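One structure below.
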Amino acid sequence: MTSHIRTALVIGGGIAGSTTAMALQRAGVEARVREAYHVTADGIGGGLSLAPNGVNALDAIGAGDVIRRVGTPMRGTVLHSADGEPLGEITLPADLPPSRFVWRGALYRALYDEATRRGIRTRHGKRLVAAEDTGDGVTARFDDGTEESADILIGTDGIRSTVRALVDPAAPSPQYAGLLGFAAPLAETGLPGTGGRLHVGYGPAGSFGHLVHADGSGGWFVNLPHPEPLTLAEARRTSPERWLDRLREAFAGHCAPAADLLARTEAADLLITGPLETMPPVPTWSRGRMVLVGDAVHAASPSSGQGASQAVESSVQLARCLRDLPYDQAFTAYEGLRRARVERIIALAARTNASKASPLARPARDLKPEPLDWQFTHRIDWEAPVLPSEPALEFHSKSA
């Protein structure tokens with residue numbers, strides 16, 4: 001089919017921005033990516049897994065090999081109590097390919113480079129301050145005094161999205177989950193490989209996860225309860241040395257091998273990833289010629305294991321809709337394809353965060369994993385035509 005939209009401004013040059021631009025290009029839409037920061041995001045963020053559904057979504061736009069090159073196969077997650085008692089295991093269906101563990105900075109760079117290879121350039125230092133729907137297009141204004149116009153504007157600008165506030169000034173803000181995140185890669189863990197499985201222990205002072213590759217390298221992450229919310233900048237005002245001391249104290253005698261891995265970690269390698277946050281259900285996903293994608297509209301905390309995968313899925317589904325429908329019908333169809341799924345995932349992650357933030361409120365023995373096949377088996381058929389859907393008459397928040 002012939003696209004009804006020819007050009008798009010993509011605001012936000014992260015994982016969702018690069019993926020959205022590549023998906024739009026495949027759908028026949030020229031995408032221009034504009035990023036607020038003057039520098040790239042190399043080395044920013046901790047580890048993540050791209051689940052089979054996320055890998056399949058990248059495959060739909062011919063980019064699956066990007067994550068296969070930089071990610072390590074991962075087959076599941078094993079949950080433990082503080083003293084090592086097995087609580088259960090989250091495993092992938094046997095007929096699915098593995099998830100891919102990757103450091104966020106590496107995934108960002110790989111997708112950024114692939115978009116560049118495809119002729120999609122990201123311009124940095126372009127912080128959006130306003131946007132005007134002109135009837136036959138949208139004009140974006142940036143803080144450097146410049147303007148640009150396109151047929152549509154797509155907000156992939158993260159959990160503190162400027163575009164979200166333009167779409168709906170009354171949109172909800174991110175909610176702090178009561179947890180701070182930390183992580184570190186280790187060239188040598190001193191441990192045998194974990195067989196492609198992430199191990200997560202739930203102790204009285206937080207949760208500790210670790211993954212060890214066959215060559216002995218690997219990494220760890222911590223979700224540390226912290227009742228007072230801190231921004232990332234505020235968390236980083238405390239030195240890595242002091243945070244490491246606190247983490248070593250918190251996990252002394254709990255969640256083995258936490259103490260050994262923390263002892264091997266140098267302060268220079270500590271990643272302070274900051275507050276864990278989620279987005280409450282966002283009533284308005286689009287307005288006029290503007291629409292939201294990824295964390296800007298459905299941020300799931302790292303506890304979901306699906307944040308990046310859901311951003312990729314939404315990027316691909318939006319592009320399919322814009323390929324086949326006028327933009328207003330496309331935005332409605334896109335929301336219809338995505339809202340219920342992402343809100344169910346966010347609600348499940350919120351319950352997990354609540355357990356981590358208040359470990360005494362829920363005994364470790366009750367932290368049994370729920371069946372998650374419905375998340376992993378989801379596939380996007382790029383070739384299938386998208387049909388118009390009925391617009392929702394009223395927004396209803398859906399719970400899992």
Side-chain angles (χ1 to χ4, degrees), residues 1-34 53-66 111 114-122 131 133 135-138 140 148-157 163 167 285-294 296-298 308-342 378-392:
M1 294 186 180
T2 301
S3 174
H4 298 262
I5 291 295
R6 296 297 184 189
T7 60
L9 278 174
V10 178
I11 305 299
I15 290 171
S18 292
T19 306
T20 298
M22 289 189 284
L24 289 171
Q25 184 187 65
R26 190 173 181 87
V29 178
E30 176 199 341
R32 288 170 270 148
V33 183
R34 301 296 179 254
N53 48 290
V55 177
N56 286 334
L58 284 179
D59 277 331
I61 59 171
D65 285 344
V66 172
L111 292 171
E114 178 63 16
T116 301
R117 189 188 69 79
R118 297 183 184 197
I120 299 166
R121 302 291 176 179
T122 298
D133 189 329
D136 58 355
V138 60
E148 289 190 66
S149 297
D151 293 333
I152 59 172
L153 184 146
I154 302 172
T156 61
D157 50 342
V163 180
V167 167
W285 285 33
S286 64
R287 179 170 67 86
R289 292 176 174 267
M290 295 186 290
V291 66
L292 300 167
V293 171
V297 68
H298 55 65
S309 294
Q310 291 310 300
V312 171
E313 283 186 11
S314 288
S315 300
V316 174
Q317 291 287 38
L318 176 62
R320 287 183 61 237
C321 294
L322 289 166
R323 176 195 66 192
D324 295 346
L325 299 170
Y327 76 89
D328 52 348
Q329 294 181 30
F331 291 170
T332 299
Y334 156 69
E335 183 177 344
L337 287 168
R338 299 298 297 150
R339 182 186 281 278
R341 175 169 168 79
V342 298
H378 184 81
R379 296 183 67 91
I380 297 173
D381 183 355
W382 177 264
E383 302 300 331
V386 180
L387 302 177
S389 59
E390 291 296 323

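For clarity, every value in this text was computed on a predicted model and none was experimentally measured.
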Backbone N or O of [Y] within a donor-acceptor pair of the [X] side chain at under 3.5 Å?
{"X": "Asp133", "Y": "Arg289", "answer": "yes"}
{"X": "Gln329", "Y": "Ser389", "answer": "no"}
{"X": "Asp151", "Y": "Gly137", "answer": "no"}
{"X": "Arg320", "Y": "Ala384", "answer": "yes"}
{"X": "Arg338", "Y": "Ala333", "answer": "no"}

To the nearest 0.5 Å, how far apart are [atom1] in [X] and [atom2] in [Y]?
{"X": "Trp285", "Y": "Leu318", "atom1": "CH2", "atom2": "CG", "result": "10.5 Å"}
{"X": "Leu325", "Y": "Phe331", "atom1": "CG", "atom2": "CZ", "result": "11.0 Å"}
{"X": "Arg32", "Y": "Glu148", "atom1": "CZ", "atom2": "CD", "result": "5.5 Å"}
{"X": "Tyr327", "Y": "Cys321", "atom1": "OH", "atom2": "SG", "result": "15.5 Å"}
{"X": "His298", "Y": "Gln310", "atom1": "NE2", "atom2": "CD", "result": "6.5 Å"}
{"X": "Arg341", "Y": "Ser314", "atom1": "CZ", "atom2": "OG", "result": "9.5 Å"}

Without placing hydrogens or testing angles, list every side-chain donor-acceptor pair under 3.5 Å for residues 15-24, not counting sequence neighbours.
| residue | atom | partner | partner atom | Å |
| --- | --- | --- | --- | --- |
| Thr19 | OG1 | Ile15 | O | 2.8 |
| Thr20 | OG1 | Ala16 | O | 2.7 |
| Thr20 | OG1 | Ser315 | OG | 2.8 |

With a 4.5 Å limit on heavy-atom distance, are the side chains of [X] and [Y] in contact?
{"X": "Val33", "Y": "Ile120", "value": "yes"}
{"X": "Leu322", "Y": "Ile152", "value": "yes"}
{"X": "Tyr334", "Y": "Val386", "value": "no"}
{"X": "Val167", "Y": "Val163", "value": "yes"}
{"X": "Gln317", "Y": "Ile380", "value": "yes"}
{"X": "Leu9", "Y": "Val138", "value": "no"}

Identify the two heavy atoms, one from [X] and one from [Y], that lie closest to each other, and give their separation to 0.1 Å.
{"X": "Ala319", "Y": "Ala27", "value": "O-CB, 3.5 Å"}
{"X": "Ser286", "Y": "Val291", "value": "CB-CG2, 3.8 Å"}
{"X": "Asn53", "Y": "Ser309", "value": "ND2-CB, 3.6 Å"}
{"X": "Thr7", "Y": "Ile5", "value": "O-CG2, 3.6 Å"}
{"X": "Ala131", "Y": "Met290", "value": "CB-SD, 3.8 Å"}

Check the pair Val10 / Arg34 against side-chain contact (heavy atoms from CB on, under 4.5 Å), numbers first and verdict last. CA-CA 6 Å; Val10 178; Arg34 301 296 179 254; over 6 Å; no
So does Arg6 pair up with Glu30, basic N to acidic O under 4.0 Å? no
What donor-acceptor contacts under 3.5 angstrom involve side-chain atoms of residues 54-61, with partners at least two apart or in another chain?
| residue | atom | partner | partner atom | Å |
| --- | --- | --- | --- | --- |
| Asn56 | OD1 | Arg379 | NH1 | 3.4 |
| Asn56 | ND2 | Pro52 | O | 3.2 |
| Asp59 | OD1 | Arg68 | NH1 | 3.1 |
| Asp59 | OD1 | Arg68 | NH2 | 3.3 |
| Asp59 | OD2 | Arg68 | NH2 | 2.7 |

